[in-house]
2 protein chains.
Amino acid sequence: MEFSIGELARRTRVKVPTIRYYEQIGLLPSPPRTEGKQRRYEASDASRLNFIRHARELGFEVDAIRELLALSAKPNQPCADIDDIARRHIGEIDQRIAHLVSLRAELQRTVDECGRGRVCECRVIETLADSSHYHERLAAV
Amino acid sequence: MEFSIGELARRTRVKVPTIRYYEQIGLLPSPPRTEGKQRRYEASDASRLNFIRHARELGFEVDAIRELLALSAKPNQPCADIDDIARRHIGEIDQRIAHLVSLRAELQRTVDECGRGRVCECRVIETLADSSHYHERLAAV
DNA sequence: TCTTGAACCTCTAGTGACTATAGGGATTAA
DNA sequence: TTAATCCCTATAGTCACTAGAGGTTCAAGA
């Protein structure tokens, strides 16, 4: 019935140190221990951790996951809050995509214009050195 | 002619602590100081920092910028190396975009299916709880 | 029952690229 | 001269882990 941290790691594809880290930051509850102080988990822990893993894979930050977990624990509440978190997240992803697309275009243009000559005429260097170019900070990209 | 770190920050839109950090990691040279130990910069420092800022905005990592700076200091070398760095970087950007686009699609599908009912039947929560979903780790997104 | 070796434990420190804070000293304009 | 603003160093914090040291426990085979 109960299983070790290594078995939990195998079942969820989350690394052992990461599981301990999640416990430390309160994303996973502290499980019971054996007499030798080793953690023992049960099926519900694997479900919760799968939820966390999947949310991380979708790019949710730990704080957002905390919110989602808290909300999912109240099954009779309206789910509008959950929807909002997800929508907000989609908005963030859209911004990152837009930023990356424009960066890519500029790099491509730059590489295209570089005739594989010498550095003194290389467009990559020129483009980078030109302070008139402006992009938002890379914060979340 | 010479100016303070605050003035350099204004000219380059790079924050003061970031400038000091760049000096610490060797991306910017240590400038001369006043008798009171305050840093004094000149125009060429602003150019170099603009180069760095722009490269960061384009998503280059600090190590790649170090390479670019080293290459640009040898103006008679062929620029094939620089071109390679930029091309490698475009490949990485393409991967990030592709990943984000697929994440977005899954989130959007999920949100669309959520009828704004109750948490117990929310598709967002169900999707996250479903361990059968698989994505690559988010490492570089 | 004993032994072996894999798996487990805690604790600390490191990653990248900054950002924030504390507790001071320097410079500049009125 | 005084006040406001800027600057200094040093340390610690951010995020979400990852790595390592040094020691303990567990499960399986002999």
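Here is the naming used below: chain letters follow the sequence lines, and residue numbers restart at 1 for every chain.
Going from atom CD1 of A/I25 over to atom P of D/dT14 covers 12 Å, rounded to whole Å. Between the CD atom of B/E23 and the P atom of C/dC18 there is a distance of 15 Å, rounded to whole Å. Taking atom OH on A/Y21 and atom P on D/dT18, their separation rounds to 10 Å, with Å as the unit. B/L8 places its CG atom 15 Å from the P atom of D/dC6, with the value rounded to the nearest Å. Between the CD atom of B/Q24 and the C1' atom of D/dA10 there is a distance of 10 Å, given to the nearest Å. Distance A/F60 CZ to D/dA16 P: 13 Å, rounded to the nearest Å. D/dC7 atom P lies 12 Å from atom CZ of B/F3, rounded to whole Å. Atoms CD (B/E61) and P (C/dC18) sit 11 Å apart, rounded to a whole Å.
Toward the 5′ end of DNA chain C lies the nearest nucleotide of B/D63, the other residue of the pair B/G36 and B/D63 mapping further downstream. Taking the nucleotide of DNA chain D with the nearest heavy atom to each of B/R33 and B/R10, the more 5' of the two is matched to B/R10. Of the two residues near DNA chain C, A/R40 and B/V62, the one whose nearest nucleotide lies more 5' is A/R40.
Within the 4.0 Å cut-off from OP1 or OP2 of C/dC18, at least one side-chain nitrogen or oxygen of B/Y22 is found. Contact check, B/K15 against C/dT19: a side-chain N or O comes under 4.0 Å of OP1 or OP2. Between C/dC8 and A/S4, a contact under 4.0 Å exists linking OP1 or OP2 to a side-chain N or O. Between A/T18 and D/dT18, a side-chain N or O to OP1/OP2 separation shorter than 4.0 Å is present.
Distance check: A/E2 CD to A/D45 CG gives 9.0 Å after rounding to the nearest 0.5 Å.
In this structure a side-chain-to-backbone donor-acceptor pair under 3.5 Å is present from A/R53 to A/T12.
Of the candidates C/dT10, D/dT9, C/dT19, D/dT9 carries the atom nearest the B/R39 side chain, counting heavy atoms from C-beta on. Picking from D/dA16, D/dT18, C/dT27 the nucleotide with the shortest atom distance to the side chain of B/Q38 gives C/dT27. Proximity note for B/T34 (side chain, C-beta onward) versus C/dT27, D/dC17, D/dC7: the nearest is C/dT27.
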Handout entry: A/L69 vs A/L27, side-chain contact (heavy atoms from CB on, under 4.5 Å): CA-CA, chis, key distance, verdict
Key = CA-CA 9 Å; A/L69 284 167; A/L27 216 50; 4.3 Å; yes
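Comment: A/E23 does not engage A/R20 in a salt bridge, judged by the lack of any side-chain N to carboxylate O separation of less than 4.0 angstrom. Between B/R66 and B/D63 a salt bridge is recorded (basic side-chain N to carboxylate O distance below 4.0 Å).
Nucleic acid contact class of A/R20 (heavy atoms, under 4.0 Å, all strands): base. Looking at heavy-atom distances under 4.0 Å, A/I5 makes contact with sugar-phosphate atoms alone, never a base.
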